[in-house]
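All remarks here apply to the structure that follows.
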Amino acid sequence: MMKFHKPDEIVITAAIVGAEITREQTPYLPITAEEIGQEAKRCVDAGASVIHLHVRDDSGKPTQSQFFFQQAIDAIRSKTDTLVQVSTGGAVGMSTTERLEPLECHPEMATLNCGTLNFGDDIFVNSWPMIQEFANKIRKAGCVPELELYDSAHIDTAQRLLANKQIDSPFHVQFVLGVPGGAGARETVLRFLVSELAPENCTWSVAAVGRHQKPMTELAVEMGGFVRVGLEDNIYIEKGTLSKGSAPLVDRISKYAVKRGRCPVPAHRAAEILGIKTANATKLAV
Ligand code: KMH
Ligand code: ZN
């Protein structure tokens with residue numbers, strides 16, 4: 001799989017729901033399929049080309065149910081052109097079987113979490129056998145994996161997957177920084193992680209938690225990486241001011257990127273860059 005992007009191109013991912021944020025924390029969290037579809041459209045209009053997707057059941061609880069994912073994906077597709085990246089991380093404590101259910105919807109992408117870590121007060125379990133099972137099933141479903149790396153050890157795990165031919169080369173990673181229990185959201189850390197990433201033509205993106213989202217994604221723009229923003233990682237637009245959904249966060253980083261000479265790409269171009277060849281991605285190019 002040949003991947004190449006020009007230095008002035010940037011892929012923006014919007015993480016619009018997440019599994020941890022509640023309506024009590026922010027009234028701007030989309031929950032129903034209709035709300036998720038509308039929010040996805042707002043984010044795409046603001047510059048996003050990938051929607052990182054979690055869904056909720058009717059009571060607002062995180063679920064990995066194929067039914068709820070399909071409803072949300074249908075709503076997104078009816079409103080906008082985007083790549084859909086389903087979460088296989090789900091919420092802490094979910095079983096492997098449950099976490100893998102969204103693959104049944106055959107999205108363009110799926111996350112592949114590359115290690116166990118403390119996740120706040122919890123433990124987010126991703127054992128080596130689990131990681132291999134997820135990699136194999138993501139490939140079987142025809143999805144491109146986004147490797148979620150929370151620490152430098154996870155780069156070595158990605159290399160093991162590559163050596164075992166369980167993922168293709170070059171692969172795409174999301175450095176998730178600032179999770180309590182994972183790598184810190186600091187410039188020195190990001191520069192080290194990027195320096196360790198191989199092969200060189202792997203694509204990388206940065207997500208960072210809470211107040212770290214803005215500075216770390218801006219740093220990623222400067223360093224030539226891609227970015228992920230949205231309510232899953234951060235609910236504030238400024239200290240003490242809730243963001244009115246994920247779209248304002250996308251809009252802000254999108255404008256920042258343009259000012260720095262990086263142009264947010266549309267979904268069909270993101271599909272080329274990320275090596276996505278699903279029927280829907282092909283349709284986007286028409
Ligand atoms: N909710 C976190 C425990 C993913 O989407 O794959 C895991 C997560 C990662 O959000
Ligand atoms: Zn997620």
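Ligands are counted one by one from 1 in listed order, and the atoms in each one are counted from 1 as well.
- The one candidate from Asn201, Val11, Ile273, Ile10 that meets the side-chain contact (heavy atoms from CB on, under 4.5 Å) condition with His5 is Ile273.
- The Zn ion (ligand 2) has Glu232 among its coordinating residues (N/O/S atom, backbone or side chain, under 2.8 Å).
- Each of the following atoms of ligand 1 lies closer than 4.0 Å to a heavy atom of Gly89: 4 (C), 6 (O).
- Using modelled atom types, one finds a donor on one side chain and an acceptor on the other under 3.5 Å when comparing Gln85 with Glu146.
- Of all protein heavy atoms, the one lying nearest to atom 6 (O) of ligand 1 is Thr111 OG1, 2.7 Å.
- Separating the NZ atom in Lys214 from the CG atom in Leu219 is a distance of 12.5 Å, to the nearest 0.5 Å.
- Considering the Zn ion (ligand 2) as centre, the angle to NE2 of His52 and to NE2 of His54 is 100° (10° rounding).
- Using a 30° and 60° split on the angle between ring planes, Phe175 and Trp204 fall in the tilted class, from 30° to 60°.
- For the 3.5 Å distance criterion, the side chains of Tyr28 and Glu35 fail to qualify, holding no donor opposite an acceptor.
- Of the N or O atoms in Glu148, none lie within a sub-3.5 Å distance of an N or O in ligand 1.
- At the top of the distance list for atom 9 (C) of ligand 1, counting protein heavy atoms only, stands Tyr150 OH, 3.3 Å.
- The contact set between ligand 1 and Asn113, taken as ligand atoms under 4.0 Å from a residue heavy atom, comprises 4 (C), 6 (O), 9 (C).
- Closest heavy-atom contact between Leu103 and Cys143: CD2-SG, 4.1 Å.
- Close approach of ligand 1 to Phe119 is summarised as follows: ligand atoms under 4.0 Å from at least one heavy atom of the residue are 2 (C), 3 (C).
- The shortest heavy-atom contact between Gly89 and Thr111 is N-OG1, 3.7 Å.
- Counting the atoms of ligand 1 from 1 in the order shown, those under 4.0 Å from a heavy atom of Glu20 are 1 (N), 2 (C), 3 (C).
- Annotation: atom 4 (C) of ligand 1 to nearest protein heavy atom, Ser87 OG, 3.2 Å.
- If you check the side chains of Asp74 and Gln70, you find a donor sitting under 3.5 Å from an acceptor.
- Checking only distances, Gly90 does come within under 3.5 Å of ligand 1, N or O to N or O.
- At under 3.5 Å, not a single nitrogen or oxygen of Phe124, backbone or side chain, sits near a nitrogen or oxygen of ligand 1.
- When each atom of ligand 1 is checked for a heavy atom of Glu232 under 4.0 Å away, the hits are 10 (O).
- Ring geometry, Phe226 versus His172: the interplanar angle falls from 30° to 60°, so the pair is classed tilted.
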